[in-house]
Amino acid sequence: MELLCPAGNLASLKTALNAGADAVYLGLKNDTNARSFAGLNFTPKKLQEAAQYTKQQGKKIFLTINTFPKPREEKRWYEAVDIAANTGVDALIIADLSLLDYAHSHYPHLPLHLSVQASATNLGALKLYKEEFNIQRAVLPRVLSMKQVRDLSKVTPVDLEVFAFGSLCIMAEGRCHLSSYVTGQSPNTGGSCSPAKHVRWQEEGENRLTRLNEVLIDKSGIDEQMGYPVVCKGRYTTEHNSTPTHLLESPTSLNTLSLLPELAKANVVSLKIEGRQRSPAYVEQVTQVWRRAIDTYLNNPDNFQTQVEWDRALAKVSEGQTTTLGAYERTWQ
Amino acid sequence: MKASLGPILYCWPKEKVIEFYTQVASSQIPLVYLGETICSRRRELKFSDYMDLAHMLRNSGKEVVLSTLALLEAPSEYTELKKQVENGEFIIEANDMGAVQAAKENKLPFICGPTINNYNLASLKTLHRWGMQRFVMPVELSKHWLNTVISVEKPEFEIEVFGHGFLPLALSARCFTARQKGLVKDKCQTICIENPKGLLAQTQESQPLLRLNGIQTQSAACIDLTSELSSMSEMGVNYFRVSPSSISSIEKADKLFELGSQTAQVDDTHCNGYWHQQAGFNHLKI
């Protein structure tokens, strides 16, 4: 079972590998990936350096090209595939049909992973991508319950990777337009959800107002722990309830430590840690805990128990300092 | 360009749905989509009921498309989907790649609904090769996007634009309606039947923002692109979709070209931002 960690820059990449990651994933410094934030990601030269370092450590490196090529600008995305192939990365993580087609036909030996942004949740979708583009692995959207993951794992024609820890996207990934509805930019089009340039905090007496493109998405106490402002984690009223509540979800992170044995039994090949936009300190903390947890499980699969200090360490780096099992747990749904 | 009527995205009582399509049958609307696209727990109408409605509409001279579920999670949902695809009479609207696969396997043509990620010509051509006859443009894309795509070459497939109605913005495993009403999804009592236009959510400054429709999140504002009818027509758009939110949506679609641009609404409860490459909720006076 692979521990796959995020690398927003070279420092995070080295930290992740030293802390026990089996593989890292990263993006180029442009809008070909859905974490296109200023100061993040890799130039082709840095990617080369990253690949070299990773290979020296005997680990794997995956390049994320998970946004959708724009008409007349497709070249940028095709070039990203070319760069990856020439750098010798171990796999590409892709969502767009035309890009899968391009990668599969030009570099048939380069393994393809279906990005979570492709939103493949069922056997039919997985078969399609396998038959047409020979994908080796698919990253499952965070919408399936543990039972559904198990059911799918019995019939899937490809390896399955799941999100194990990190910011919780509560919508079927790749098919959420909440960010673009409010800001004009979405992960699919602009390369990020809730772009920072649209975020504004405003203090008003005892309150902090969080605005996204001037839309008030939350009002909180000055000292309240807040996550990064996204539409799905704001507090709103309804036509029947005038008390502002987290109608969709509260700021919280996904933490599946307690599901580790079940994920392993479902033959999930890779556990993904979210957070290319987070600091090397976050990457180190999360990687260390998960490395320990996976090793503990593998040493004695029948008696695995999560340790209080693991959960505590993870809660510290979580949004709102709380964690959830998200859709894996039926009652959450 | 012609009008089309999208599938009903809400949970309406069976009698209301039948009344709705009975009226549709006597309208001039040439293309009608029907079927449950949001949640398999909604069982007011069964597959056979939809087939009956499809026959009735076809006998009234309509082209009928069976719309399928957008988010497939349980194996039983995929089995049900295959049954719909293999109905033997009507073309389907695929709203998930699983449906595309089911159609492709059976060498059946299909329509791509708005939740299939079509963001460039090469992807559209791939889907066309697999049997796509028409696609509904993803709602966050713009007139500029469409112009760029079709200026490269004249497409061999038809184009439909989501022109009027509440925008489908997101899908989740979580049922927001049940949660808001203190119920768990597995015992939801199909409570979304209480909100025939979804449940309106507003910001703490009373700005209408979202509309909760079971596992789907919609826009609070209604997109209205009726002022763009003639330019869409010139561009080569084949269908202008009206997404039903009440019985009056039938008249909207039926008299689309008579009422035309003078009926385009530009106020807080309407939006057209996406079409003009802006935030979706914006309403521009054009």
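Just the heavy atoms: all of them, side chains too, but no hydrogens, waters or symmetry mates, feed the values below. Here is the naming used below: chain letters follow the sequence lines, and residue numbers restart at 1 for every chain.
Interface remark: Arg211(B) contributes no atoms to any contact with chain A (heavy atom separation under 4.5 Å). With a threshold of 4.5 angstrom between heavy atoms, Phe281(B) approaches chain A through its backbone and through its side chain. For Glu132(A), the part sitting under 4.5 Å from any heavy atom of chain B is the side chain, from C-beta outward, and nothing else. For chain A, the nearby part of Lys104(B) is the side chain; its heavy atoms alone come within less than 4.5 Å. Using a 4.5 Å cut-off between heavy atoms, Tyr129(A) touches chain B through its side chain atoms alone. Neither the backbone nor the side chain of Ala120(A) comes within less than 4.5 Å of any heavy atom in chain B. Neither the backbone nor the side chain of Glu73(A) comes within contact range of chain B, judged by heavy atoms closer than 4.5 Å. Residue Ala178(B): no heavy atom, backbone or side chain, is found under 4.5 Å from chain A. Neither the backbone nor the side chain of Thr67(A) comes within contact range of chain B; no heavy atoms are under 4.5 Å apart. If you measure heavy-atom distances from Ile215(B) to chain A, you find no contacts under 4.5 Å at all. Of the two parts of Asn241(A), only the side chain, counted from C-beta on, holds a non-hydrogen atom closer than 4.5 Å to a non-hydrogen atom of chain B. For a residue to count as touching a neighbouring chain, one of its non-hydrogen atoms must lie under 4.5 Å from one of that chain's; by this rule Ala201(B) touches chain A with backbone and side chain alike. Using a 4.5 Å cut-off between heavy atoms, Pro208(B) does not touch chain A at all. Interface remark: Thr115(B) contributes backbone and side-chain atoms alike to the contact with chain A (heavy atom separation under 4.5 Å).
Using cut-offs of 30° and 60° on the angle between ring planes, the pair Phe133(A) and Trp130(B) is tilted.
Closest non-hydrogen pair, Asn120(B) versus Glu74(A), comes out as CB-OE2, 4.1 Å. The minimum heavy-atom distance linking Tyr119(B) with Pro71(A) is given by the pair O-CD, 3.6 Å. Here the closest non-hydrogen pair linking Tyr78(B) and Gly124(A) is OH-CA, 3.0 Å. Taking each heavy atom of Ala279(B) and Asn213(A) in turn, the nearest pair found is CB-ND2, 4.0 Å.
Most heavy-atom pairs under 4.5 Å with chain A, from the set Ala221(B), Ser219(B), Ala102(B), Ala99(B): that is Ser219(B). By number of non-hydrogen pairs under 4.5 angstrom with chain B, the leading residue of Arg142(A), Glu249(A), Lys70(A), Glu131(A) is Glu249(A). Counting heavy-atom pairs closer than 4.5 Å to chain B, the top-ranked of the candidates Leu123(A), Thr189(A), Thr183(A) is Thr189(A). The choice from Asp101(A), Asp151(A), Ile217(A), Val215(A) that makes the most heavy-atom pairs within less than 4.5 Å of chain B is Val215(A). Chosen from Ser172(B), Gly273(B), Cys175(B), the residue pairing most often with chain A at heavy-atom distances under 4.5 Å is Ser172(B). Ranked by heavy-atom pairs shorter than 4.5 Å toward chain B, the options Ala172(A), Gly184(A), Ser180(A), Ala125(A) are led by Ser180(A). Most heavy-atom pairs under 4.5 Å with chain A, from the set Ala122(B), Ser123(B), Ala70(B): that is Ser123(B). Contact count versus chain B (heavy atoms, under 4.5 Å) is highest, among Leu144(A), Leu99(A), Asn188(A), for Asn188(A). When the candidates Met171(A), Arg72(A), Gln117(A) are compared by the number of heavy-atom contacts under 4.5 Å with chain B, Met171(A) comes out ahead. Interface summary for chain A: among Arg179(B), Lys82(B), Gln277(B), Gln207(B), the most heavy-atom pairs under 4.5 angstrom belong to Arg179(B).
With sequence neighbours left out, Glu205(B) forms a salt bridge (charged side-chain N to carboxylate O under 4.0 Å, His left out) with Arg211(A). A search for side-chain contact (heavy atoms from CB on, under 4.5 Å) contacts involving Asn195(B) returns His240(A), Thr177(B), Lys181(B), Leu199(B), not counting sequence neighbours.
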Derivation of the side-chain contact (heavy atoms from CB on, under 4.5 Å) call for Lys127(A) and Glu105(B): CA-CA 10 Å; Lys127(A) 267 167 79 176; Glu105(B) 263 177 3; 2.9 Å; yes
task: Before giving the answer on side chain to side chain donor-acceptor pair (under 3.5 Å), spell out for Thr203(B) and Tyr236(A) the whole-Å C-alpha distance, their side-chain angles and the decisive distance to 0.1 Å.
output: CA-CA 5 Å; Thr203(B) 71; Tyr236(A) 311 109; over 6 Å; no
message: Go through it in stages, so that I can follow the logic: the residues are Asp96(B) and Arg175(A), the test is salt bridge (charged side-chain N to carboxylate O under 4.0 Å, His left out), and I'd like the CA-CA distance, side-chain angles, deciding distance and then a yes or no.
response: CA-CA 10 Å; Asp96(B) 181 273; Arg175(A) 297 198 279 177; 3.2 Å; yes
message: Let's go through Phe176(B) and Ile170(A) carefully: what are the C-alpha distance in whole Å and the side-chain angles of both, what is the deciding distance for side-chain contact (heavy atoms from CB on, under 4.5 Å) to 0.1 Å, and is it a yes or a no?
response: CA-CA 11 Å; Phe176(B) 304 113; Ile170(A) 62 162; 3.9 Å; yes
field: Verdict with supporting geometry, Val231(A) and Leu210(B), side-chain contact (heavy atoms from CB on, under 4.5 Å)
entry: CA-CA 10 Å; Val231(A) 175; Leu210(B) 305 171; 4.1 Å; yes
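The CG atom of Leu124(B) sits 9.5 Å away from atom OG of Ser98(A), with the distance rounded to the nearest 0.5 Å. Atom CG of residue Leu171(B) and atom SG of residue Cys176(A) lie 9.0 Å apart, to the nearest 0.5 angstrom. Separation of atoms CG (Asp96(A)) and CG (Asn117(B)) is listed at 8.5 Å; rounding is to 0.5 Å. To the nearest 0.5 Å, atoms CD (Glu73(B)) and OG1 (Thr121(A)) are separated by 6.5 Å. The SG atom of Cys232(A) sits 12.0 Å away from atom CG of Leu169(B), with the distance rounded to the nearest 0.5 Å. One distance of note links CD of Gln218(B) with CG of Leu178(A); it measures 11.5 Å at 0.5 Å rounding.
Contacts of residues 324-333 of chain A with chain B at a heavy-atom distance below 4.5 Å involve Ala327(A), Arg330(A), Trp332(A), Gln333(A), listed in sequence order. Interface with chain A: from residues 135-147 of chain B, residues Val139(B), Glu140(B), Leu141(B), Trp145(B) qualify, criterion being any non-hydrogen pair under 4.5 Å.
Heavy atoms from other residues, nucleotides or ligands lying under 6.0 Å from NZ of Lys130(A) number more than 12.
Checking side-chain atoms of Gln204(B) against main-chain N and O of Arg235(A) turns up a donor-acceptor pair under 3.5 Å. Although no hydrogens or angles enter the test, the distance criterion places no donor-acceptor pair under 3.5 Å between the side chain of Thr238(A) and the main chain of Leu200(B).
Counting heavy atoms from C-beta outward, Met97(B) and Leu97(A) have side chains that approach closer than 4.5 Å. At least one side-chain heavy atom of Val182(A) sits under 4.5 Å from a side-chain heavy atom of Leu209(B).
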